[in-house]
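In what follows, a structure is listed as structure tokens, so that the remarks can point back to it.
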2 protein chains.
Amino acid sequence: MPSTQPASHGDGGRPRLTVMRDVAKLAGVSHQTVSRVLNNHPNVRQETRLRVLDAMESLNYRRNLAARTLVTRQSHTLGIIGFETTLFGPASLLYAIESAARDAGYMVSIASVRDLERRHVVEAVDRLTQHAVDGVIAIAPKLAVTNALAQVPPGLRRVAVGGAGESDAAPAVGIDNAAGARLATQHLLDLGHATVHHAAGPADWPEAHERIEGWRSTLYAAGAVVPPVEPGWWDAESGYERGRQLAADPRVTAIFCANDRIALGVLRALHEAGRRVPEDVSIVGFDDMPDAGYFLPPLTTVRQDFGELGRRALALLLEHMAGDSAAQPPHRILVMPHLVARASSAPPP
Amino acid sequence: MPSTQPASHGDGGRPRLTVMRDVAKLAGVSHQTVSRVLNNHPNVRQETRLRVLDAMESLNYRRNLAARTLVTRQSHTLGIIGFETTLFGPASLLYAIESAARDAGYMVSIASVRDLERRHVVEAVDRLTQHAVDGVIAIAPKLAVTNALAQVPPGLRRVAVGGAGESDAAPAVGIDNAAGARLATQHLLDLGHATVHHAAGPADWPEAHERIEGWRSTLYAAGAVVPPVEPGWWDAESGYERGRQLAADPRVTAIFCANDRIALGVLRALHEAGRRVPEDVSIVGFDDMPDAGYFLPPLTTVRQDFGELGRRALALLLEHMAGDSAAQPPHRILVMPHLVARASSAPPP
DNA sequence: TTTTGGTGCGTGAACGTTAACAATTTCGTC
DNA sequence: GACGAAATTGTTAACGTTCACGCACCAAAA
């Protein structure tokens, strides 16, 4: 007599998982009713619902999301395009987005790009697309990433976060870098410094560019001399190089650094040159990375809230996903940073 | 006359994506042959293969992974359970794992746990399971995470990476913390210090514990006094607190810090107390985080290679996944760290 | 009474792929 | 030139959901 239970392939595999049909049978209903209970459809009698719930419980039922995705075309997964995710900022963004996504019932898959070659970004997008993500958030400190988002198949929602800059490729959420730079620069001017020098970040990153602009415009508005800018990288080494130049110039009394790591390098260069901080030179950073308060001296800096940034980005994406297919005009959300005054800034000598 | 093309639901939705059948029709073969080409089955004539490939190209075909997952029960997705992923170490691990996974043809989904309450970890595992991940890697610096891996449904492969400690719940990959601590301590002893103090990490993290043990045993073997240990946290603030205590004790000439951030705090405390590094006190850290070379003074530290760690973890997971269902005895892979000597260590005064 | 409409549920058909097996062709060998 | 084996292709049936129906049933409206 043939078994009524269709054994799983050759019986060698794992025991067949429980599926809707099993739950249905135990509860004495059809699989469709189980589906309704699972999706909270209103038209199920309370008593039936409880019976089904019981059956699911006792069978330890988990719905098969692949099947669900197949038919609904919704994976309940979001894709994140990550760039430089070992840095503190991007890593924090990633975490914040993931947390918010979970609360909204979404899973996140991540596709890192190690450099910004167009084909790598496109390939990352492609992998996410294949995995049927419902939307994409790009941690996009560089314009190239944002622009590559134009490659995303139409209909797939996208948002850029962090830097991003102006782009038609996607709506964006970012820190108001110009305002942050203004905060820092004005703080130093208010302390009495004649002007403020800048240890800049890489010129092709919008974040760096906007900070330069904010700094420059503040000096200009105050009628102060605008010293020359020399772009660098985001790390302490770059700050050290730049710091050695600046330390050699006795007219330098205040330096605004494009981020805290650069400030760390500048701090060391000044120290080696025998110029004291803040007695001789004042330093202000940007980011407020975790241990900035323990630099020598504790660093005055501009704090950006990555958690907030990530949550906003997710909210924006979900909003776009909920919206009708009509393409909303991409807009840009700016989050305000604020100044954290510590010991590295003081009036000029 | 009824349309032969079954319009997608109400025609309001997106244009139907191209599927295997479309490719098959264009290439003049059956969909099964398309499948075979896609999966590199050997038994396809070269000419046919090219015709199919052409068709796929011209239709811009992407296979539907949900359908594939449904039938094969393999999602080609790996789950990562993340803990404290904004810290440099875990973030680096995450990145390394993702990179390696991509090269192996896997996607990664991430489930962060913000604290170590058992139900949170279990919930994270559950979400990953529902999404049908083929394997799980836990970034598990604490034993609680590793142990929670026991909850993973049997048959799902798992690996713990980073810290982890000894556990039967999963095979693990980690730094040889004891060896690293030995390196640091011996380095200081070799410089001529009578003994070495320790600014420890949190006591319930295996990493911290193992570093303590490595340090202690080295002192013991050298016949040096073993000063008391006081556990702290991983950040500069904790290091600062501990540093203030140690700075007050004139007998202290060498301090091994459980990580670089702690070292940063210790550095500040010593500086405030007027004790010079390395002239009066030598400092050695652990991690070699990006800017450790730009501390004041540049930090001698123990370098761990997170990239290597991540790659090893992934390799181990894939190996287990390939292995037959027989449970291999969980083993532990240790990666050796090495010392990076910089300016914060010198002979005692 | 008949109609209308809303509940509460079940039935059958997708969704797009791979697995199993059958059918056909090709090829080497006697 | 025939035969068996191997190579190549096609046919059908899963996989586990959700969607579009349809069928009872019951209450309220006509």
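Please read all numbers here as calculations on a predicted model, not as lab measurements. First the proteins, then the strands, lettered A, B, ... as listed; each starts at 1.
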How close or far is atom [atom2] of [N] from atom [atom1] of [X], stated in whole angstroms?
X	N	atom1	atom2	answer
B/M56	C/dT17	CE	P	11 Å
A/Q46	C/dT7	CD	P	16 Å
A/H41	D/dT17	NE2	C1'	12 Å
A/L59	D/dG16	CG	P	14 Å
A/Q32	D/dC23	CD	P	17 Å
A/N40	D/dT18	CG	C1'	15 Å
A/K25	C/dC9	NZ	C1'	19 Å
A/L38	D/dC19	CG	P	12 Å

Under 4.0 Å between any heavy atoms, over every strand shown, what does [X] touch: base, sugar-phosphate, or nothing? Just pick one.
X	answer
B/T48	sugar-phosphate
B/N43	base
B/S30	base
B/R63	sugar-phosphate

Taking the minimum atom-to-atom distance to the side chain of [X], which one of [options] wins?
X	options	result
B/R73	D/dC15, C/dC15, C/dA19	D/dC15
A/H31	C/dA20, C/dG12, C/dG16	C/dG12
A/N64	D/dG16, C/dT17, D/dC19	D/dG16
B/R68	C/dG16, D/dT18, C/dT18	C/dT18
B/R21	C/dC15, D/dT17, C/dT17	C/dT17

Report yes if at least one side-chain N or O of [X] is closer than 4.0 Å to OP1 or OP2 of [N]; otherwise report no.
X	N	result
A/R45	C/dC9	yes
A/Y61	D/dT17	yes
B/N39	C/dT18	yes
A/S35	D/dT17	no
A/T33	C/dC9	no

**Request:** Before giving the answer on side-chain hydrogen bond (donor to acceptor under 3.5 Å, both in side chains), spell out for B/N60 and B/R62 the whole-Å C-alpha distance, their side-chain angles and the decisive distance to 0.1 Å.
**Result:** CA-CA 7 Å; B/N60 192 28; B/R62 300 281 115 108; 3.2 Å; yes
Strictly below 4.0 Å, N to O, side chains only: are [X] and [Y] in salt-bridge contact?
X	Y	answer
B/E98	A/R127	yes
B/E123	B/R114	no
A/D134	A/R73	no

**Side-chain donor/acceptor of B/R36 to base of D/dG10, under 3.5 Å** =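 Present.
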**Request:** Check if the side chain of B/R62 and the base of C/dG16 share a donor-acceptor pair of N or O atoms closer than 3.5 Å.
**Result:** no
**Prompt:** Does B/T33 use its side chain to pair, donor to acceptor, with the backbone of B/V29 at less than 3.5 Å?
**Reply:** no
**Closest-nucleotide ordering on DNA chain C, the 5'-leading residue of B/L70 and A/G28** = A/G28
**Prompt:** Less than 4.5 Å apart, any side-chain heavy atom of A/Y106 and any of A/L314?
**Reply:** no
